[in-house]
Amino acid sequence: MDMEIDPSLNLEKKVSSEGPLLAELPLSGLAEMFKGFSKLNREERLEMLLEFGLLKKSDVDYLERGGLSDTTLGEKFIENVIGYFQLPLGVATHFRIDGKDHVIPMAVEETSIVAAASKTAKWIRENGTISTEVIGQDIIGQIQLSHVRNFEDFEQKVLAQRLEFIRLSNEEVAFGLVRRGGGVRDLTVRKVARGDGTDMAVIHVYMDPVDAMGANVINQVCEFLKQPIEQLTGDKVTMCILSNLVDSKLTRARVVMEKIDGELARKIEEASLFSKQDPYRAATNNKGVLNGMDPILIATGNDWRAVEAGVHAYASRDGQYRSITEWKREGGKLVGTLTAPIIVGTVGGVTSLHPTAAICLRMLEVSSASELSRVIAAVGLVQNLGALRALTTVGIIEGHMKLHIKNLSLAAGASEKEIPFVQKKLEEILALKKRISLSNAIDVLKEVRSRMQESSC
Ligand code: MEV
C-alpha cells in the first residue's frame, strides 16, 4: 500500500529558532540549577524551582497538597467521574534546545525515562547541540463525499469557489483565529479510491490554529462548509472531521554530537538503519521516542492520542512502518533527526483549565504552540539517543533494572529498614547474572530476614 501524501503540502514555510551551533555558551542560571538536581529530595527540588522562578509559591503549595483533590474540574472534562488517576510528575534537566535551557515536566509511570532523558541531555549538552524547526503551519480538516456523480465536475466547481469558501469560513467560524494571525488558508480536493474501481471525493481544509491545537475550530469549519458545498455541487457530504496525519505541519529536531566515540557512533548508525528497514524494530524504536514525547503531552494537558496517531501514520507514509528518527555519521560527528507531526496547543482546553497542566506549561517557558512542539520533538530525539546508546553498549537491563531494583524490593514486601540490604544483594545478582526478577527479590528478602534474625539471637 502506497500512502498518498497530498502534493499541495505547505512545507516550505519554516518557523525555526536558530540556536547557537555549539553548546559553549556561559552557564545560565538554569544550568547552575541542573547541577546536582537529581540528588535533592522533593522538598528541595520544589524549593529550587521556586528560587529559579519556574514555580510560584501557590504552585508549590498546590503540588505539595498533591494536586487536585475534589472532582469538580474532572466533572467538567468527562462523564461518570469517580476520582482522578494520578501519575508521577517529574522534571528532566540539562536540556538546552536552540540555545535555551529548559526544565522538562514529564508525567509518566515508567522507571528510568526521566533519568535517561536528563542523562542523555547532559551528554549532548557537553558534546553537541540540539536545534529544532517547525515546517508548515496548517492543520487539516477533511470533508468526505462518499459518492460524487462526476469527480472532475465536482472538483472544478469546488475549486472555483475556493476563495469564497475560505473567506466565509474565516468570517463565520475561524474569526477568533484570524484575529490572532491564523485562520483558514487553503482548500484542496482529493480523489480517494473506494477499492471497487470507483472513487470518493475528499476536500482538505487547511487552517493555521496559531497557539491552539485547533481541533474544535477545524471540525466546526468543515461542518460549516457542508451546506454550501452540497448546495454548490448537488452531491452529499458523508462526514467531516480533522485528520491526525498532519503532514502540512511537521516538527523537526536535530541533534549534532560534535564529540563522540567513533565505534559508538557506528553502532548507533547501525541501530538506526535497523529501525528504518524493519517494522518490528521500528515499532519499538518509536515507542522509545514516545517515551520522551508522551509524558510532556500529558503534563501539559495535550491530546497524546492525537500525536501518537499522527506519529504512527507518518511513520508509515511510504507504505512501510519505519522509525521517525534517523542517526548518521557525518565526518567525526553523529547527526540525528526526528521529523513528525506534533500538533499541540498552549491555549484552550485542558492546557488552560487543568492547574497542573498550567503549572507545567509555565515551567517549560515556551512562548507558543510551535515552541512546545519543538521541545517535545527534541525530548523524543534525545530519549531515542539515550536508548540507542544503552542498547548498543551495556544493554537495556543495566540502566533500567538498576532503577527498578527498589520497586522489586518493595514489591517483595521489604520494609524501609530492609530495603538497603535487599537492594545491595539484588545489585550483586544483577552484576553477576545480568538479569533480575521479583522471585530473586523474594528469595533475597527471606535470606536478609533470616540473617537479621540470626544476628539478633
Ligand atoms: C523501553 O520503554 C523503550 C526501548 O525499548 C526503546 C528502544 O528499544 O529504542 C528501550
Side-chain angles (χ1 to χ4, degrees), residues 87-92 95 104-124 130 253-255 257 260-261 263-299 304-305 307-309 311-312 314-316 320-329 334-340 342 376-408 411 430 434-438:
L87 281 174
L89 175 65
V91 291
F95 276 85
I104 313 287
M106 299 180 95
V108 66
E109 86 301 342
E110 188 175 325
T111 312
S112 92
I113 286 180
V114 177
S118 307
K119 186 177 161 194
T120 314
K122 183 165 186 272
W123 185 44
I124 299 170
I130 308 173
R254 186 174 145 93
V255 165
M257 289 299 281
I260 184 166
D261 172 76
E263 181 55 11
L264 176 60
R266 189 191 65 76
K267 283 185 179 169
I268 291 175
E269 193 181 61
E270 282 302 326
S272 177
L273 185 66
F274 183 17
S275 60
K276 181 178 177 193
Q277 297 302 102
D278 179 8
Y280 289 90
R281 170 59 202 153
T284 323
N285 179 85
N286 292 347
K287 189 273 179 185
V289 174
L290 290 160
N291 275 350
M293 291 169 49
D294 279 347
I296 315 175
L297 293 166
I298 295 171
W304 75 95
R305 286 93 52 212
V307 174
E308 290 253 357
V311 161
H312 296 305
Y314 188 72
S316 320
Q320 181 181 317
Y321 188 87
R322 299 183 194 277
S323 51
I324 56 162
T325 53
E326 184 166 46
W327 295 92
K328 278 204 149 70
R329 285 175 297 168
L334 179 71
V335 179
T337 51
L338 174 154
T339 310
I342 304 175
I376 293 170
V379 178
L381 184 60
V382 169
Q383 198 82 37
N384 180 233
L385 178 61
L388 297 187
R389 185 192 190 189
L391 291 169
T392 56
T393 54
V394 291
I396 200 64
I397 301 299
E398 188 171 298
H400 207 80
M401 291 307 279
K402 260 190 187 162
L403 286 156
H404 199 53
I405 278 178
K406 185 158 187 196
N407 294 350
L408 284 180
L430 179 64
K434 304 283 173 225
R435 66 189 122 83
I436 199 97
S437 66
L438 180 60

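First listed ligand is number 1; within each ligand, the first listed atom is number 1. Starting from 1, each residue takes its place in the sequence as its number.
Proximity of I298 to V108: side-chain heavy atoms (C-beta onward) are nowhere separated by under 4.5 Å. Side-chain contact check for T120 versus Q383: every heavy-atom pair is 4.5 Å or farther apart. M257 is not listed as a side-chain neighbour of I268, based on a closest heavy-atom distance of 4.5 Å or more.
Numbered from 1 in the order shown, with element, the atoms of ligand 1 that lie under 4.0 Å from a heavy atom of A387 read 9 (O). In summary, the atoms of ligand 1 found under 4.0 Å from a heavy atom of E110, numbered by their order in the structure, are 1 (C), 2 (O). Less than 4.0 angstrom separates some heavy atom of N291 from each of these atoms of ligand 1: 1 (C), 2 (O), 3 (C). Ligand 1 places these atoms under 4.0 Å from at least one heavy atom of L391: 7 (C), 8 (O), 9 (O).
Of the N or O atoms in K287, one or more lie within a sub-3.5 Å distance of an N or O in ligand 1. Where the criterion is an N or O separation shorter than 3.5 Å, residue side chain and backbone included, N384 fails it with respect to ligand 1.
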Could you go through residues 275-283 and list every donor-acceptor pair under 3.5 Å that involves a side-chain atom there, pairing it with any protein atom two or more places apart or in another chain?
unit_1 : atom_1 : unit_2 : atom_2 : d
S275   : OG     : S272   : O      : 2.9
S275   : OG     : S323   : OG     : 3.4
D278   : OD1    : Y280   : N      : 3.0

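Neither the backbone nor the side chain of I113 comes within contact range of ligand 1; no heavy atom lies under 4.0 Å. Proximity of R281 to ligand 1, defined as any heavy-atom pair under 4.0 Å, is confined to the side chain (atoms from C-beta onward).
Applying the side-chain hydrogen bond (donor to acceptor under 3.5 Å, both in side chains) test to N291 and every residue at least two apart in sequence or in another chain returns K287.
Between K267 and E270, none of the side-chain N atoms (NZ, or NE/NH1/NH2) sits under 4.0 Å from a carboxylate O, so this pair counts as no salt bridge.
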